[in-house]
Protein chains: 2
Amino acid sequence: MLRAAVPGRCIEFFFDVGSPYSYLAATQMERVGARAGLPVRWRPFLLGGVFRATGNEMPARVPAKARYMIDDLTRWARHYGVPLRIPSRFPVVTLRPQRALVHVETTAPHALATAAMELFRAYWAEDLDPTSDAVLARAADVAGLPRDELLAAIEAQPVKDALRATTEEAVARGAFGAPTMFVGDAMFWGNDRLELLVESVRAS
Amino acid sequence: MLRAAVPGRCIEFFFDVGSPYSYLAATQMERVGARAGLPVRWRPFLLGGVFRATGNEMPARVPAKARYMIDDLTRWARHYGVPLRIPSRFPVVTLRPQRALVHVETTAPHALATAAMELFRAYWAEDLDPTSDAVLARAADVAGLPRDELLAAIEAQPVKDALRATTEEAVARGAFGAPTMFVGDAMFWGNDRLELLVESVRAS
């Protein structure tokens with residue numbers, strides 16, 4: 001069921017560790033890339049910035065939707081066979097973890113997916129605070145980066161600017177939520193569209 | 001892959017002919033029922049009433065989401081192999097078709113799915129106005145009901161009351177959008193959750 005990689009194409013995966021559906025998608029991206037025959041490029045962006053720019057809002061704003069989301073997330077986690085624990089603090093402002101991942105992207109790009117998964121798991125499976133120094137230090141460790149360097153990078157202007165630029169790029173290309181995947185110009189929103197993404201790549 | 005029907009259980013399918021994702025789900029309900037081993041009970045409700053009651057809003061309110069929806073609907077239609085043509089008038093106030101379907105539900109329940117599909121196809125595949133007398137007359141025809149009777153029923157108080165009651169019931173049970181499916185207390189929102197619905201029934 002695997003396809004040979006097509007040169008020059010990839011799946012761009014825009015995600016925010018504060019987004020539960022980003023977590024669910026993240027657990028599947030390796031498999032999705034293999035099925036589509038495309039490499040996956042992980043792209044940390046800031047979902048809060050996307051909401052502000054587009055006028056979209058988090059689904060939990062509607063109380064009935066927030067209640068449903070817990071069942072829905074639980075079902076997806078069971079479907080994928082991945083751990084999920086609804087965090088005791090939600091939502092969180094994800095500026096710090098997303099900037100940390102931008103720094104990993106710049107300095108140790110090969111470790112970006114691993115570092116992102118470390119933060120995703122801490123928040124969505126272990127109910128830890130992904131904005132805390134302790135959790136961010138774990139991301140540094142798995143990325144093989146000095147902890148002090150990663151924590152300092154969070155306050156560095158180029159890192160702030162890069163996160164903002166990626167967020168603005170996603171919005172300019174049509175994104176309004178997370179996760180958002182692109183294959184060239186074709187945009188897919190939500191872990192629930194990963195199968196349509198694979199189908200679309202295979203048909204093209 | 002079929003399962004024997006479980007007595008006393010069914011899939012309740014709350015839908016509005018004005019909702020594109022309700023249309024997509026409607027095209028799949030026979031197959032979904034067969035795979036889940038459950039009969040499907042079609043339940044016309046008023047999505048506008050659900051939005052008013054829950055504070056939810058139609059996705060097309062966010063311009064970026066509206067643009068994406070056209071691609072998304074097209075992909076689902078291709079995935080299911082069903083016709084889809086984005087209507088030239090959208091959204092429409094669906095009081096008339098939904099009330100007409102309530103009348104069919106009351107007087108010719110065996111024909112409800114057929115009449116609903118006639119209205120869905122008129123709007124989502126033929127770009128016709130599902131609120132027009134001409135299209136409603138087609139629903140009467142396929143349901144084997146006199147056209148005049150169906151058109152008169154739209155203004156009848158018991159029909160108005162029944163549509164309102166069904167809408168309020170759905171909201172009271174947790175619905176905030178369309179389509180919404182229930183299997184007992186378990187609620188599923190969107191055509192994109194039909195596979196999780198089948199999975200959930202099979203696991204129970």
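Protein chains get the first letters and strands the later ones, always in sequence-line order, with residue 1 at the start of each.
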Peer 1: For residues B:Gly55 and A:Arg61, report the shortest heavy-atom separation together with the two atoms involved.
Peer 2: O-NH2, 3.2 Å
Peer 1: Measuring from atom NE2 of A:His79 to atom CD of B:Glu195, what distance do you get when rounded to the nearest 0.5 angstrom?
Peer 2: 8.5 Å
Peer 1: Mark yes or no: A:Arg67 above the aromatic ring of B:Phe176, with NZ or CZ under 6.0 Å from the six-membered ring centre and no more than 45 degrees from the axis.
Peer 2: no
Peer 1: State, to 0.1 Å, how close B:Gly174 and A:Ala64 come at their nearest heavy-atom pair, and which atoms those are.
Peer 2: O-CB, 3.9 Å
Peer 1: Got a sec: does the CD of B:Glu169 have more than 12 other heavy atoms crowding it under 6.0 Å?
Peer 2: yes
Peer 1: Tell me whether the count of non-hydrogen atoms from other residues, nucleotides or ligands lying under 6.0 Å of CD in B:Glu30 goes above 12.
Peer 2: no
Peer 1: Between B:Asp71, B:Leu196, B:Val171, B:Thr54, which has the largest tally of heavy atom pairs under 4.5 Å with chain A?
Peer 2: B:Leu196
Peer 1: Mark yes when over 12 heavy atoms from residues, nucleotides or ligands other than B:Arg164 sit less than 6.0 Å from its CZ; otherwise mark no.
Peer 2: no
Peer 1: Does A:Tyr68 use its side chain to pair, donor to acceptor, with the backbone of B:Trp189 at less than 3.5 Å?
Peer 2: yes
Peer 1: Quick check for you: among B:Met187, B:Glu199, B:Lys65, B:Arg78, which has the greatest number of heavy-atom pairs under 4.5 Å with chain A?
Peer 2: B:Lys65
Peer 1: What's the shortest heavy-atom distance between A:Asp72 and B:Arg193, and which atoms?
Peer 2: OD1-NE, 2.7 Å
